[in-house]
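Read the numbers this way: they start at 1 and go in the same order the structure lists the ligands and their atoms. No hydrogens, no waters, no symmetry mates; every other heavy atom, side chains included, goes into these values.
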Amino acid sequence: MSNELNRFSLEDDCHPHLLQLLRIASPIAVLTGAGVSAESGILTFRDAMTGLWANFDPADLATPEAFAKDPATVSRWYDERRCKIAKCQPNAGHFALAKLQAVTIADRRSFALITQNVDRLHQAAGSKDVVELHGTLWLWRCLDCGIEYEERGAAFSSYPLRCACGGSKRPGVVWFGEDLPKHALLTARRAAGSSALFVSIGTSGAVHPAAGLIDVAIQSGARFLEINPQETPYTSKAHWSLRGKSGEILPQLLELAGAE
Ligand code: BV8
Ligand code: ZN
């Protein structure tokens, strides 16, 4: 099939080759970004800088240097985000991806869900073996003794959080300038490099090395589907590009592919 871009909305006939791939391709690899959680009420990373945080640049908060300089402010920002996502539920897009994984595995095909998100809404929707490239807001780690705590409770009462050993706890996310978890990145690169169909959903493609997985997949011969309301630096490389919200497109796509 030629590499021309098949840009269509779901109102048109959804491309028969894409639907066929969703039914038979193996492996399928999916990369999600903050856009997949937008319909759950979680602001994307850039939108998150509103209100109290309006005059902060994410890069000024999501770095080891920012935490070293002002652990209380950085901890407060992450705790506020943690408490916000505690009130959020998975949306139809999360559930559709969990369904696609279940159907693919039931067909004895392989499926990998790789996420840049730190909210664990994929897991809450039933997705299994989610590859978390950027960690999660639910885990906090002591800088001194390394103990990891799952923090599911109410907002912390003081910042930074203290470990039982007296050390301060940092959020279990990957900050800018920090390496991604080695095993997660290796798993993601292997999944992208062996995929027959690679789907990127709700990501601006701005953050590396996560976004680079798209090139890994395409260069290894995968067909590439992008689902996003806006163009991204990868749109021009997509075999199919669906413009819209993942919570609306994914359930329709699964229904059209008979994976409902
Ligand atoms: C590293 C956790 C080695 C923290 C995050 C190569 C080229 C250029 C730069 C670099 C490069 N390699 C490394 C870098 C530097 C840097 C980087 O990428 N900088 C960018 C900004 C230029 N990368 C790193 O530092 C990484 N580490 O490479 O280590 C190293 C070591 C030392 C020095 C250099 C390199 C670590 C990156 C991880 C950072 N941590 N998250 C936290 O959450 O606080 S990244 C964070 O931002 C999010 O996790 C997300 O992945 C990312 C982007 O955020 P958003 O834009 O909000 O979200 P997203 O991109 O997903 O876009 C939202 C999309 O959704 C939009 O397109 C929108 O249209 C769409 N949308 C909206 N509504 C919907 C929707 N889609 C569908 N449905 C809807 N309803
Ligand atoms: Zn400790």
Side-chain angles (χ1 to χ4, degrees), residues 30-50 53 56-67 74-75 77-82 84-85 91-94 96-97 114-121 132-149 160-182 184-185 188 199-215 226-235 241-251:
V30 177
L31 171 69
T32 64
V36 159
S37 294
E39 290 154 273
S40 295
I42 298 179
L43 294 170
T44 63
F45 195 76
R46 283 168 189 71
D47 304 343
M49 309 315 289
T50 55
W53 306 104
F56 277 86
D57 174 341
D60 291 343
L61 284 163
T63 65
E65 296 76 18
F67 186 81
V74 174
S75 303
W77 183 54
Y78 278 96
D79 190 33
E80 284 196 8
R81 287 173 58 194
R82 180 183 70 92
K84 276 194 190 124
I85 61 174
N91 63 61
H94 292 109
L97 284 171
I114 306 156
T115 190
Q116 302 171 81
N117 299 339
V118 296
D119 56 36
R120 288 199 162 170
L121 287 182
E132 292 181 321
L133 294 177
H134 296 158
T136 177
L137 271 172
W138 296 114
L139 295 177
W140 291 61
R141 184 171 70 245
C142 176
L143 286 175
D144 289 14
C145 70
I147 290 185
E148 199 163 65
Y149 296 78
L161 268 72
R162 288 282 163 217
C163 169
C165 79
S168 49
K169 298 185 213 175
R170 59 159 286 175
V173 298
V174 178
W175 280 324
F176 288 99
E178 289 188 318
D179 285 327
L180 275 57
K182 287 198 181 8
L185 187 54
V199 188
S200 97
I201 311 171
T203 182
S204 60
V207 173
H208 291 265
L213 294 168
I214 298 170
D215 283 324
E226 180 185 68
I227 298 173
N228 206 62
Q230 292 162 343
E231 293 221 350
T232 74
Y234 293 91
T235 302
S241 180
L242 290 172
R243 284 278 160 277
K245 296 182 174 180
S246 47
E248 293 168 8
I249 289 181
L250 285 168

Examine the proximity of ligand 1 to [X] and report which part, side chain or backbone, both or neither, has a heavy atom under 4.0 Å away.
X	answer
Tyr78	side chain
Thr232	neither
Ala206	backbone
Ala38	side chain
Arg81	side chain

Problem - Shortest reach to atom 10 (C) of ligand 1 by a heavy atom, considering only Gln230, Glu132, Glu231, His208 - result: His208
Problem - Selected option - heavy-atom contact closest to atom 74 (C) of ligand 1, from Gly244, Ser246, Gly35 - result: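 Looking at heavy atoms only, Gly35 sits closest to atom 74 (C) of ligand 1.
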Once rounded to the nearest 0.5 Å, what's the spacing between atom [atom1] of [X] and atom [atom2] of [Y]?
X	Y	atom1	atom2	value
Ile227	Ile201	CD1	CD1	4.5 Å
Phe176	Thr63	CZ	OG1	9.5 Å
Cys163	Tyr149	SG	OH	3.0 Å
Leu31	Ile114	CG	CD1	6.0 Å
Glu132	Trp138	CD	CH2	12.0 Å
Leu133	Leu180	CG	CG	5.5 Å

Handout entry: Close side-chain approach of Glu226 to Leu242, heavy-atom, < 4.5 Å
Key = no
Could you tell me whether a side-chain N or O of [X] sits under 3.5 Å from a main-chain N or O of [Y], the two making a donor and an acceptor?
X	Y	value
Asn228	Gln230	yes
Thr136	Val118	yes
Asn117	Gly33	yes

N/O separation below 3.5 Å, [X] to ligand 1:
X	value
Ala34	yes
Gly177	yes
Trp77	no
Lys245	no
Val174	yes

Practice task
For the residue pair His208 and Tyr234, categorise the inter-ring angle as parallel (less than 30°), tilted (30 to 60°) or perpendicular (more than 60°).
Solution key: tilted
Which of the atoms of ligand 1 are close to [X], meaning less than 4.0 Å from one of its heavy atoms?
X	answer
Gly202	61 (O), 63 (C), 64 (C), 65 (O), 76 (N), 77 (C)
Gly33	61 (O)
Trp175	36 (C)
Pro209	28 (O)
Val207	18 (O), 37 (C), 47 (O), 52 (C), 53 (C)
Glu178	1 (C), 26 (C), 27 (N), 29 (O), 36 (C)
Ser204	56 (O), 59 (P), 60 (O), 61 (O), 62 (O), 64 (C), 67 (O)
Glu39	78 (N), 79 (C), 80 (N)

Exercise for the section: Kindly determine whether Thr235 and Arg243 satisfy side chain to side chain contact (heavy atoms under 4.5 Å, CB included), including the steps that lead there. Expected result: CA-CA 10 Å; Thr235 302; Arg243 284 278 160 277; 3.0 Å; yes
Handout entry: In the protein, N/O/S atoms that are found under 2.8 Å from the Zn ion (ligand 2), waters not counted
Key =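 Per the 2.8 Å query on the Zn ion (ligand 2), atoms found are Cys142 SG, Cys145 SG, Cys163 SG, Cys165 SG.
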Among residues at least two apart in sequence or on other chains, which ones pass salt bridge (Lys or Arg N to Asp or Glu O under 4.0 Å) with [X]?
X	result
Asp144	none
Glu148	none
Arg141	none

Problem - Arg170/Glu178 ion pair, N-O < 4.0 Å - result: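 A salt bridge is present here (some side-chain N lies under 4.0 Å from a carboxylate O).
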Practice task
Check whether any heavy atom of Leu137 sits under 4.0 Å from an atom of ligand 1.
Solution key: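 Per 4.0 Å heavy-atom rule, Leu137 does not contact ligand 1.
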Practice task
Answer with yes or no whether Ala210 contacts ligand 1, where contact means a heavy atom under 4.0 Å from a ligand atom.
Solution key: no
Practice task
Would you kindly say whether Gln116 and Thr32 are connected by a side-chain donor-acceptor distance under 3.5 Å?
Solution key: no
